[in-house]
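So the structure is just underneath, and the comments pick up after that.
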Amino acid sequence: MADDQIHWFSIVNSLMIVLFLSGMVAMIMLRTLYRDISKYNQLETQEEAQEETGWKLVHGDVFRPPINSDLLCVYVGTGVQFFGMTVVTMTFAVLGFLSPSNRGGLMTAMLLLWAFMGVFAGYASARLYKMFKGSEWKKITLKTALMFPGVVFVLFFVLNALIWGEKSSGAVPFGTMFALVFLWFGIAVPLVFVGSYVGFKKPSIEDPVKTNKIPRQVPEQAWYMNPVFSILIGGILPFGAVFIELFFILTSIWLQQFYYIFGFLFIVLVILIVTCAEITIVLCYFQLCSEDYLWWWRSYLTSGSSALYLFLYAAFYFFTKLEITKPVSGMLYFGYMLIASYAFFVLTGTIGFYACFWFTRLIYSSVKID
């Protein structure tokens, strides 16, 4: 492997991004928040209290459940499942339990872990659902257990049918398909129910501030605070952090080279987690300061939008590096990259969401509100 220099270069590059973002987060946290909180807590007279500005103004709405809150619970649950799977697989690979030359072993380990991590998926989605005052926990559990794997399975089945049509030996045999379905319905789904049951039995997560009965108007936002714009900007940095490593992973998958350097990959994963969390917190803070309290979905999509860049990069890679002429091969490539991007979306989105969730609870629990 002669690529070590490039790996180090990519990691240093990513660390620069992380340091820059950490600096911004630290600055916001310390300077602005400290100043804001001490200012908010000193307001004694009534007249002053009425002229509140910034993020304190939206305290009555910031924990109002979002639209489509069920779907958010499902996606957060799936993301937790994915996160668990990724971290455990990576740890095993770094410790040398999974040999990269045995690709099947890596894939099998990931699928099994995915099934067992169902417990956490159910637990996370049920906790969130209960916080949104939901009552039908069985419905949300079923959605969590079936939605993401369902989409992936349908895509996979279609791609497999294409390979069957070409009479290729690379097609997944029927028995293996059956085993996958059994793994999904026999192990993963019951475990999601177990996790959900435990999560729903627990007392609900309390909001640090009371939510008003009537939602307030969101004022007119500046062009750069437009949801679409800020979501697309938010995805650039997490993607930038993993971008060079991605090149090696794509090369190892599509050009039949082996990927041995899990240590690098683990560092990149940590960098990715930190970047996702920090960029979402920064953008969430700016959003709350401009009195826009609709942060639930936006925090998920901000870091999740890096998956869009991932897919675009995969397309770029296809046209510049691979010499594929058959339409079926092209469809396979884009099908598999779509699955990978979807998974990446769920993973990064959940990291961003939890970072924001922690951040908003932290800042609103530290101000005194009458």
Go through the steps to decide whether Y197 and Y123 satisfy the test ring-ring contact (aromatic ring centres under 6.0 Å, His included), and finish with yes or no. CA-CA 7 Å; Y197 180 74; Y123 181 77; over 10 Å; no
Might you work through the ring-ring contact (aromatic ring centres under 6.0 Å, His included) test for W184 and F153, ending with a clear yes or no? CA-CA 10 Å; W184 177 16; F153 191 78; 5.7 Å; yes
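- Here the shortest heavy-atom pairing between T78 and V346 reads C-CG1, 3.8 Å.
- To the nearest 0.5 Å, the span separating CD on Q287 from OG1 on T302 amounts to 7.0 Å.
- Shown here for S125 and T144, the closest heavy-atom pair between the two residues is OG-OG1, 3.3 Å.
- Taking the six-membered ring where tryptophan is involved, the planes of F359 and Y285 are perpendicular, since the angle between them exceeds 60° and thus also 30°.
- Within 6.0 Å of atom CZ in F318, more than 12 heavy atoms from other residues, nucleotides or ligands are found, so the atom counts as buried in its surroundings.
- The backbone N or O of P65 lies less than 3.5 Å from no partner atom in the side chain of S69, so there is not a single donor-acceptor pair.
- Using the six-membered ring where Trp is involved, F247 and Y317 have ring planes that are perpendicular, over 60° apart on the 30 and 60° scheme.
- Ring pair Y336/W254 is tilted by interplanar angle, where 30° to 60° counts as tilted.
- Using cut-offs of 30° and 60° on the angle between ring planes, the pair F132 and W296 is perpendicular.
- More than 12 heavy atoms of other residues, nucleotides or ligands sit less than 6.0 Å from atom CZ of F185.
- Between F357 and F353, the ring planes lie parallel to each other; the angle is under 30°, not in the 30° to 60° tilted range.
- Annotation: cation-pi pair R361/Y364 absent, no NZ/CZ under 6.0 Å from the ring centroid and within 45° of its normal.
- At a threshold of 4.5 Å between non-hydrogen side-chain atoms, the residues D61 and R64 count as touching.
- Atom SG of C73 sits about 6.0 Å away from atom CG of D70, to the nearest 0.5 Å.
- Side-chain contact check for L72 versus Y300: some heavy-atom pair is nearer than 4.5 Å.
- Distance check: S306 OG to L272 CG gives 7.0 Å after rounding to the nearest 0.5 Å.
- A pairwise comparison of heavy atoms in A124 and Y354 identifies CB-OH, 3.7 Å as the closest pair.
- Ring pair W114/F148 is tilted by interplanar angle, where 30° to 60° counts as tilted.
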Pair L142, M147 - check side-chain contact (heavy atoms from CB on, under 4.5 Å), show working. CA-CA 8 Å; L142 257 181; M147 195 169 149; over 6 Å; no
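- When side chains are defined from C-beta on, K130 does not count as touching W137, because their heavy atoms never get closer than 4.5 Å.
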